[in-house]
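The structure under discussion appears below in the form of structure tokens.
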Amino acid sequence: MSTERTRFIGRRISRTNAVLAVLVVIGAGISAAAGELVAAAVLAVAGAAIVVSAMRARSSGSDVARLHTGELVDERDRQLFTRVMAAVGVVSLVTTYLAWIGGMLLLEPWSFGWAALLGLVLVQALTWIIAGAVVARRG
Amino acid sequence: MDSRVNELRRERGLSQQALGEAVGVSRQTINALEKGRYDPSLQLAVHLARYFDSTVEELFDVD
């Protein structure tokens with residue numbers, strides 16, 4: 001994750017959070033234009049929540065808040081965040097495989113849900129292979 | 001890893017926050033270093049050693 005800072009309403013938040021917030025707000029605008037006002041409102045609140053939580057995390061001085069929002073300020077934050085993401089990855093793998101096994105047993109072969117679960121497993125397996133090669137090469 | 005960061009910081013009357021700002025890390029990183037819960041990168045170790053006019057070997061006990 002990028003740790004570069006972007007000035008946002010007079011304070012700096014990570015570029016990742018700034019881009020995420022802008023994308024969510026653009027989604028809110030598109031939803032509003034399409035007449036989906038509930039979705040637009042939910043997305044607008046989500047965008048505001050991303051910005052506010054990121055700014056609060058940076059001003060609170062709490063490393064836990066920084067890890068929860070991805071507002072990383074130094075090498076220890078980055079190291080801890082890597083471990084957090086590793087835990088998220090393991091849980092994601094386990095839950096995806098459990099859902100896949102359940103889908104194989106319960107869903108009609110080649111139905112949309114069946115294919116979607118198979119696709120998720122394949123994407124995760126591919127990500128594992130690519131990430132392993134890239135990380136090993138970069139040392 | 002044991003370090004003399006806490007000892008040298010106190011000698012100079014610095015808070016963890018002030019030392020963190022001086023070397024570009026958070027207060028929590030200085031705290032974790034002092035308690036031996038975090039091993040610094042080579043870059044941070046060198047920054048700390050230079051800040052205290054010391055050497056990495058004098059500041060950190062790797063044994």
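The sequence lines fix the lettering, A, B, ..., with proteins before strands; numbering per chain opens at 1.
- Between A/D74 and B/S26 the shortest heavy-atom distance is OD2-N, 2.8 Å.
- Each of A/V73 and B/V25 belongs to its own hydrophobic cluster when Ile, Leu, Val, Met, Phe, Trp and Tyr are linked at side-chain heavy-atom distances under 4.5 angstrom.
- Residues A/E75 and B/Y38 share a closest heavy-atom pair of OE2-OH, 2.7 Å.
- B/Q28 places a side-chain N or O within 3.5 Å of a backbone atom of A/G61 that can act as its donor or acceptor partner.
- Annotation: the span from A/Q79 atom CD to B/D39 atom CG amounts to 8.0 Å, rounded to 0.5 Å.
- By the rule that hydrophobic residues join a cluster once side-chain heavy atoms approach within less than 4.5 Å of another member, B/I30 and A/L80 end up as members of separate clusters.
- Counting non-hydrogen atoms of neighbouring residues, nucleotides and ligands closer than 6.0 angstrom, the CZ atom of B/R12 exceeds 12 such neighbours.
- At most 12 non-hydrogen atoms from other residues, nucleotides or ligands lie less than 6.0 angstrom from CD of B/Q43.
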